[in-house]
Every structure is written in C-alpha cells, then in structure tokens.
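Right, one structure below, let's go through it.
Sequence positions, counted from 1, serve as the residue numbers for this chain.
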Amino acid sequence: QVLLEEFGGGSVQAGGSLKLSCAASGRTSLIVTTAWFRQTSGKERDFVAAIWSGGITYYADSVKGRFTISKDVVTNTVYLQMNSLKPEDTAVYYCAASTRLTTKDSSMYQYWGQGTQVSVSS
C-alpha cells in the first residue's frame with residue numbers, strides 16, 4: 001500500500017507562483033510514475049504533469065513552460081512548481097502514483113492523494 005499526501009495549495013493572484021508537495025509513504029519502492037492531475041467542479045480529472053522513477057518528465061500542453069515537476073528520492077516527495085499562474089489553473093490538484101510507466105491516463109494510477117485546492121484570482 002502507498003499513501004500520498006499533498007501540501008501547498010492556496011490562493012494567489014494571476015501571475016503568481018505556488019509550489020505543491022506530494023509526500024509518499026508505505027511501499028514507495030512500488031512507485032514507477034508519480035503525477036499531478038487537477039479537477040474543477042463538474043469536469044473530469046485532467047493530467048498536469050508526470051515524472052518517472054528515472055527522472056523523465058511529461059507535461060500537459062497547457063502548463064508547459066510554466067510548471068515544473070521534480071522529486072526528492074531521499075524524502076519520497078514529488079513537487080509541482082507552478083509559475084505564471086492563470087485563473088484557468090484554479091482546481092483541486094491531486095497527486096497520483098502508479099506501479100507502471102505511464103503518463104496521462106488516470107486509470108493507470110492506483111494510488112491517489114486527497115487533493116489540495118489551488119485558486120488563482122484575476
């Protein structure tokens with residue numbers, strides 16, 4: 001079993017920055033891919049960024065050049081640095097982990113955090 005806990009959500013004005021953290025515990029050796037997804041009310045959960053155990057990263061087109069996903073293997077923490085935030089980035093952000101090499105398919109992720117709210121005002 002893997003447990004994921006997100007930190008770092010909050011409110012910011014457009015153009016600002018936030019950094020989200022996802023702390024993994026339990027059988028972390030099972031994790032091959034860690035990702036961030038986001039969801040707004042009434043919509044499906046959308047892929048944001050993913051990082052493989054080897055360090056390769058993938059991003060949704062909507063966040064390329066603004067968001068950076070990274071990880072600290074010592075603390076089993078994955079980060080999402082979000083810069084140049086826009087109102088359309090407002091959502092609940094979820095950390096997800098998979099035992100497989102995968103990217104944007106949410107059905108491939110077996111473990112999910114509880115989510116953290118990010119609100120960007122114009």
Side-chain angles (χ1 to χ4, degrees):
Q1 184 76 343
V2 174
L3 298 176
L4 303 174
E5 188 171 12
E6 301 101 335
F7 301 93
S11 298
V12 66
Q13 288 191 325
S17 298
L18 281 174
K19 187 173 185 177
L20 305 182
S21 302
C22 173
S25 60
R27 298 185 67 186
T28 57
S29 61
L30 297 176
I31 300 172
V32 175
T33 305
T34 309
W36 290 93
F37 288 77
R38 63 188 181 186
Q39 187 173 27
T40 54
S41 180
K43 295 188 177 181
E44 292 187 355
R45 202 166 288 187
D46 292 330
F47 171 77
V48 176
I51 186 166
W52 288 356
S53 54
I56 295 174
T57 58
Y58 295 88
Y59 296 93
D61 288 342
S62 59
V63 306
K64 278 181 183 176
R66 300 189 298 124
F67 292 10
T68 302
I69 189 170
S70 62
K71 64 177 182 175
D72 183 331
V73 297
V74 175
T75 61
N76 293 311
T77 302
V78 170
Y79 302 97
L80 185 68
Q81 176 67 48
M82 305 184 293
N83 298 328
S84 302
L85 282 161
K86 305 174 181 180
E88 50 263 44
D89 294 318
T90 295
V92 176
Y93 283 70
Y94 296 90
C95 178
S98 175
T99 59
R100 301 181 177 183
L101 283 174
T102 188
T103 53
K104 59 182 67 177
D105 185 351
S106 62
S107 69
M108 297 292 285
Y109 292 84
Q110 297 91 355
Y111 306 104
W112 292 84
Q114 79 286 353
T116 185
Q117 177 71 47
V118 171
S119 298
V120 184
S121 59
S122 57

#### Entry: Heavy-atom pair with the smallest gap, counting every atom of Thr103 and Tyr109
O-OH, 2.5 Å
### Query
At their closest point, which heavy atom of Ala49 faces which heavy atom of Leu80, and how far apart are they?
CB-CD1, 4.2 Å
### Query
Taking all non-hydrogen atoms of both residues, which atom of Thr77 and which atom of Ser21 are closest, and how far apart?
CG2-CB, 4.2 Å
### Ser53 side, atom OG; Lys71 side, atom NZ - distance, nearest 0.5 Å
5.0 Å
#### Entry: Rounded distance [0.5 Å steps], CG in Asn76 versus OG in Ser29
9.0 Å
### Query
Between the side chains of Gln110 and Thr99, does any donor sit under 3.5 Å from an acceptor?
yes
### Query
Relative to the ring of Trp112, is the ring of Phe37 parallel (under 30°), tilted (30 to 60°) or perpendicular (over 60°)?
tilted
### Task
Supply the atom-to-atom distance Ile51 CD1 to Ile56 CD1, rounded to the nearest 0.5 angstrom.
9.5 Å
### Task
Would you kindly confirm whether Tyr93 and Val63 end up in one hydrophobic cluster when ILVMFWY residues are joined by side chain heavy atoms under 4.5 Å apart?
yes
### Message
Within the structure provided, determine whether Arg27 and Gln1 are in side-chain contact (heavy-atom separation under 4.5 Å).
### Response
no
### Query
Does any non-hydrogen side-chain atom of Thr90 lie less than 4.5 Å from one of Gln117?
yes
### Query
Donor-acceptor pair, Glu6 side chain versus Gln114 backbone, under 3.5 Å?
yes
### Task
Please name the pair of heavy atoms, one in Leu18 and one in Gly10, separated by the smallest distance, quoted to 0.1 Å.
CD1-O, 3.8 Å
### Task
Drop me the distance from Ser106's OG to Gln39's CD, to the nearest 0.5 angstrom.
9.5 Å
### Message
Clusters formed by hydrophobic residues whose side-chain heavy atoms approach within less than 4.5 Å: which one holds Leu30, and what are its other members?
### Response
Val2, Leu4, Ile31, Tyr111
### Message
For Asp89, is there an ion pair with Lys86 - N to carboxylate O distance below 4.0 angstrom?
### Response
no
### Query
Side chains of Ser17 and Val12: closer than 4.5 Å at any heavy-atom pair?
no
### Message
Check whether Ser122 reaches the backbone of Pro87 with its side chain - one donor and one acceptor, N or O, closer than 3.5 Å.
### Response
no
### Summary
Residues Ala23 and Phe7: closest non-hydrogen pair is CB-CE1, 4.2 Å
### Query
Rounded to the nearest 0.5 Å, how far apart are SG of Cys95 and CD1 of Ile69?
8.0 Å
### Identified ring-ring contact (aromatic ring centres under 6.0 Å, His included) partner of Tyr58 from the options Phe47, Trp52, Trp36
Trp52
### Task
Flag the pair Met82 / Arg66 as yes when at least one side-chain heavy-atom distance between them is below 4.5 Å, and no otherwise.
no
### Message
Once rounded to the nearest 0.5 Å, what's the spacing between atom CZ of Phe67 and atom OG1 of Thr57?
### Response
14.0 Å
### Message
When you measure from the side chain of Thr33 to the backbone of Thr102, do you find a donor-acceptor pair of N or O atoms at a distance under 3.5 Å?
### Response
yes
#### Entry: Asp105 and Arg100, any side-chain heavy atoms less than 4.5 Å apart
no
